[in-house]
**Q** 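Next up is a structure, given as structure tokens.
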Amino acid sequence: MEHKYEEWQQQLVKCIRCGTCRSVCPVFQAADNENTTARGKVKLLEAVSEGKLTLTPELQARMSKCLLCKACAAGCPSGVKTDELFLSARRALAAQNGLPLAKKLAFTGLTYRKLFDLGLKMGSLFQGIIFKDAPDGRGKLARIPLPGAGLGQRRIIPPLATTPLRSRLPEINKVASPKARVAFYTGCMLNYVYPDAGEAIVKILKAHDVEVIIPAKQSCCGTPAFTSGDYRVGRYLAEENVKLLAAGKYENIITGCASCGAALKHEYGAIIEDPEVKQLWEELSKKIKDITEFVVSRGIKQDLREVRAKITYHDPCHLVRGMGVSKEPRQLLQAIPGVNYVEMKDAAKCCGAGGTFSMAHYDVSRTINDWKLDNAEGTGATILATGCSACRMHITDGLGQRGSHMKVVHTAEIIAKAYGLD
């Protein structure tokens with residue numbers, strides 16, 4: 001592990017303890033505890049590298065109190081890559097202390113693609129046994145507490161789709177006179193939870209005369225695994241996806257999930273070790289585009305239908321800071337006739353989801369989410385658009401708990417409506 005500490009030192013030495021991270025860290029603002037800041041975590045890792053601390057379970061718990069929202073890295077005046085540093089630390093801690101059994105089983109299950117797919121399809125049939133409808137119909141509530149899955153009886157989650165996206169659509173979605181050929185990497189959430197948003201993406205691409213291939217053998221992007229420190233599973237999934245996507249002759253790889261897109265475009269670079277696969281990824285990463293980024297690059301259609309709605313937009317962390325996509329969703333929304341677009345305060349601030357963070361630290365994530373909801377509702381908008389399914393799920397939970405009538409949708413669903421494709 002000596003080499004790992006040397007790798008850490010390259011980042012640790014840059015930190016000047018200025019505390020800028022305190023002003024942007026949602027977890028610190030919610031918990032008011034210095035050890036939740038990037039500066040505090042850097043100090044702890046420095047002590048480990050100097051032999052003053054060891055990789056204990058207590059340290060592992062502290063390192064888990066991070067949303068990986070990248071706000072500290074983006075705002076650091078010294079250029080400390082805190083997001084990469086903390087992922088590396090989680091990897092070392094998981095190797096030393098292991099992971100909770102529920103996570104280990106879940107992550108291992110991701111590597112068995114067909115079994116995972118069958119399990120979620122079966123889950124959609126029998127979810128009524130474990131979950132009941134939420135009072136406002138937005139989703140489901142657990143009938144009994146499920147702490148191993150991070151579910152209490154007040155948390156609203158979306159139901160699994162009766163028919164997943166990749167079962168609804170053919171693998172090859174043809175157009176009469178194709179101007180481009182792309183692959184659509186659906187990820188898990190658009191496939192199993194929000195297939196309507198996935199269908200909207202395919203319809204939009206076809207409206208631009210783009211042939212869409214939805215590779216049937218694509219796997220989970222691996223983000224839940226490697227962000228928890230399980231690089232064995234994360235690497236396996238990354239390499240499987242890269243080899244699959246690199247084998248096709250695609251102009252672009254289209255994503256509709258911020259976390260999937262950031263993983264494919266950037267984060268795989270720190271996970272993949274096989275030199276040949278790494279080389280494939282380096283070429284593939286140049287082709288990754290979010291759906292809004294791709295549409296703007298092809299040219300916004302001029303014959304858009306009117307959509308009469310007051311809309312605001314939430315920037316997913318992995319889209320705005322992970323993929324550098326921010327202006328494109330706004331350009332598309334503002335181009336639609338009838339849309340009254342209103343920018344919310346702190347639109348690019350994390351909503352508190354953070355993948356498995358909201359499962360392990362639900363109360364903190366809810367506090368952070370409430371700030372987001374206050375800002376969203378303060379616009380007077382009736383619709384909140386976003387490009388991340390995890391954000392959509394978490395924000396919808398918060399809105400349901402406060403009895404708000406605001407609706408959360410994927411940006412692509414609004415674009416499809418303006419295209420007359422809904």
**Q** For a 4.5 angstrom cut-off between non-hydrogen side-chain atoms, does Val202 reach Leu169?
**A** yes

**Q** Are any of the side-chain nitrogens in Glu251 or Arg181 under 4.0 Å away from the carboxylate oxygens of its partner?
**A** no

**Q** Does Lys301 pair with Asp303 as a salt bridge, N-O distance under 4.0 Å?
**A** no

**Q** Are Asp230 and Lys103 close enough for a salt bridge, meaning some N to O gap below 4.0 Å?
**A** no

**Q** Between the side chains of Asp315 and Arg330, is the shortest nitrogen-to-carboxylate-oxygen separation below 4.0 Å, so that they form an ion pair?
**A** yes

**Q** Is the terminal nitrogen or CZ of Arg392 (NZ for Lys, CZ for Arg) located under 6.0 angstrom from the six-membered ring centre of Tyr194 and within 45° of that ring's axis?
**A** yes

**Q** Got a salt bridge between Arg402 and Asp374, using NZ or NE/NH1/NH2 to carboxylate O under 4.0 Å?
**A** yes

**Q** When you measure from the side chain of Glu328 to the backbone N and O of Val296, does any donor-acceptor pair fall under 3.5 Å?
**A** no

**Q** Work out which heavy atom in Ala263 is nearest to a heavy atom in Phe226; give both atom names and the distance.
**A** CB-CZ, 4.2 Å

**Q** Looking at Glu276 and Lys278, is there a salt bridge between them, counting it only when a charged N and a carboxylate O are closer than 4.0 Å?
**A** no

**Q** Please check if the side chain of Asn191 supplies one atom and the backbone of Leu165 the other of a donor-acceptor pair under 3.5 Å.
**A** yes

**Q** Is it true that Arg113 and Asp117 make a salt bridge, defined as a side-chain N closer than 4.0 Å to a carboxylate O?
**A** no

**Q** Answer with yes or no after comparing the ring centroid distance for His208 and Tyr419 against a 6.0 Å cut-off, counting only values under it.
**A** yes

**Q** Is there a donor-acceptor contact under 3.5 Å from the side chain of Asn33 to the main chain of Asn35?
**A** yes

**Q** Given 3.5 Å as the limit, does a donor-acceptor pair link the side chain of Thr356 with the main chain of Met359, or not?
**A** no

**Q** Closer than 3.5 angstrom, by distance alone: can the side chain of Lys349 be matched with the main-chain N or O of Lys372 as a donor-acceptor pair?
**A** no

**Q** Does atom NZ (Lys140) have a neighbourhood of more than 12 heavy atoms from anything else shown, all under 6.0 Å?
**A** yes

**Q** Could you tell me whether Asp196 and Arg168 have a side-chain N and a carboxylate O separated by less than 4.0 Å?
**A** yes

